[in-house]
There are 2 protein chains.
Amino acid sequence: MPSWLLTQTGNHAHRLVTDEFASVQARGYHYRLLATLEEFGPASQAALGRRTEIHVSDMVATVNELAGRGLVERAPDPADRRRNIITLTDAGTRQLRVLEERLAASQEALLAPLSAEERQRLTALLSTLLDHHDRRPDAADSPSR
Amino acid sequence: MPSWLLTQTGNHAHRLVTDEFASVQARGYHYRLLATLEEFGPASQAALGRRTEIHVSDMVATVNELAGRGLVERAPDPADRRRNIITLTDAGTRQLRVLEERLAASQEALLAPLSAEERQRLTALLSTLLDHHDRRPDAADSPSR
DNA sequence: CCGAATCGTTGGGTCCACTAACGATTGGTG
DNA sequence: CACCAATCGTTAGTGGACCCAACGATTCGG
């Protein structure tokens, strides 16, 4: 029963990652947000929500937490006063490096029993699945715009 | 980043399964418990907790829910009055059949983009991972007993 | 100009995993 | 036998990740 296997291994993966992150008082959302900020640069919360797939209402809390620790800065956008522009600080960048280390560590722990080749195959298969399910939400012919 | 892929696909899998189960007012724990009862027969809650890896405190709620709907029976063990013996009822067996159907359906949805061969490979890889991580909790040389 | 859309925010709710504490019962050891 | 340790079931509460509905403020398009 593959979906059982998937949810279970997904669970293990999740636990490993979560534990590693917890050891530096972080959680998944923090990493996702910091990483996205570094990759794409400052952006509004809504834009970040779309890119990270973090729900906009959770984004509020996440930004609160990170801003409270000085890892990001939240500033109103002068060009559009509805928006807050979130910027990665230097401390945020340093924290991101730490989280990346942790992530790599849990990766290693997770995939320990697999050869390099097997890891690649697994990654490829999972990518296929993800691609498929990420595309699905869009219907083909919506007359929007 | 494989652990990202795993948690994400695990997520999709989880959502698909959860939604299917929800359509018959069930959730993962219900299926796990019912399936385990059918496979191993009646058992105490603690024993079921060990087999299903459902935390003993969640087991209480799960059994409450299932017993409330007549899908299992909870009876005190005459041989050990600390224990409750949980038994699968006929209605429980029927419900299990329904859940199995739902599970198969979400399975199909999940693995749609994969060929039969690929599915097998994925299953094999995930099994390897699960095996490894299920074994780990035990140390090798504990001098107990 | 006015209605529609977007943005941030608040406050909820679900599922799954887990922790801490407790009374009741049982078993083993001194 | 008495007593302590372990087990069983239960209650109550935590936390992460995901998601929904509604609101005021602002901006945009016709």
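Chain A is the first sequence line, chain B the second, and so forth, proteins listed ahead of strands; every chain is numbered from 1. Since the model is a prediction, treat every value here as computed from it, not as a measurement.
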Trainee: In whole angstrom, what separates Leu16(A)'s CG from dG16(D)'s P?
Mentor: 17 Å

Trainee: Are more than 12 heavy atoms, taken from residues, nucleotides or ligands other than Gln120(A), located less than 6.0 Å from that residue's CD atom?
Mentor: no

Trainee: Need the bend value for the helix from dC1(C)-dG30(D) to dG30(C)-dC1(D): angle between end axes, 5 pairs each end, nearest 10°.
Mentor: 10°

Trainee: From C-beta outward on His55(B), which listed nucleotide comes closest to its side chain: dC16(C), dA17(D), dC18(C)?
Mentor: dC18(C)

Trainee: Name the one of Leu16(A), Val24(A), Val17(A) that satisfies side-chain contact (heavy atoms from CB on, under 4.5 Å) with Arg102(A)?
Mentor: Val24(A)

Trainee: Looking at Leu111(B) and Arg119(B), what are the two nearest heavy atoms and their distance?
Mentor: O-NH2, 3.1 Å

Trainee: Using the 3.5 Å cut-off, write out each protein N or O paired with an N or O of nucleotides 13-15 of chain C and the distance between them.
Mentor:
none

Trainee: Scan residues 46-55 of chain B for pairs that pass side chain to side chain donor-acceptor pair (under 3.5 Å), counting only residues two or more places apart or in two chains.
Mentor: His55(B)-Ser57(B)

Trainee: What are the two closest heavy atoms between Ala109(A) and His132(B), and how far apart are they?
Mentor: O-CE1, 4.5 Å

Trainee: With side-chain contact (heavy atoms from CB on, under 4.5 Å) as the test, pick out the partner of Pro42(A) among Leu48(A), Ile86(A), Val72(A), Thr87(A).
Mentor: Thr87(A)

Trainee: Under a 4.0 Å heavy-atom cut-off, which of residues 63-87 of chain B touch DNA chain C?
Mentor: Asp80(B), Arg81(B), Arg82(B)

Trainee: Which atom names give the shortest non-hydrogen contact between Phe21(A) and Leu99(A), and what distance separates them?
Mentor: CE2-O, 3.6 Å

Trainee: So, are Arg121(A) and Glu118(B) salt-bridged, with charged N and O less than 4.0 Å apart?
Mentor: no

Trainee: Would you tell me if any nitrogen or oxygen in the side chain of Asn11(A) comes within less than 4.0 Å of OP1 or OP2 on dA17(C)?
Mentor: yes

Trainee: Between dC18(D) atom P and His30(A) atom NE2, what is the distance in whole Å?
Mentor: 13 Å

Trainee: Looking at side-chain heavy atoms only, is the closest gap between His12(B) and Leu129(A) below 4.5 Å?
Mentor: no

Trainee: What heavy-atom pair brings Ala26(A) and Gln95(A) nearest, and what distance separates the two atoms?
Mentor: CB-NE2, 4.1 Å

Trainee: Does anything in residues 65-77 of chain A form a salt bridge (charged side-chain N to carboxylate O under 4.0 Å, His left out)? List the pairs, not counting sequence neighbours.
Mentor: Arg27(A)-Glu65(A)

Trainee: Can you name the closest pair of heavy atoms from Leu34(B) and Gly92(B) and give their distance?
Mentor: CD1-O, 4.2 Å

Trainee: From Gln8(A) CD over to Leu130(B) CG, what is the distance, rounded to the nearest 0.5 angstrom?
Mentor: 6.0 Å

Trainee: Give the residues of residues 33-53 of chain B touching DNA chain C, defined as any heavy atom closer than 4.0 Å, sorted by residue number.
Mentor: none

Trainee: So which nucleotide from dG8(C), dC20(D), dT19(C) ends up closest to the side chain of Ser57(A)?
Mentor: dC20(D)

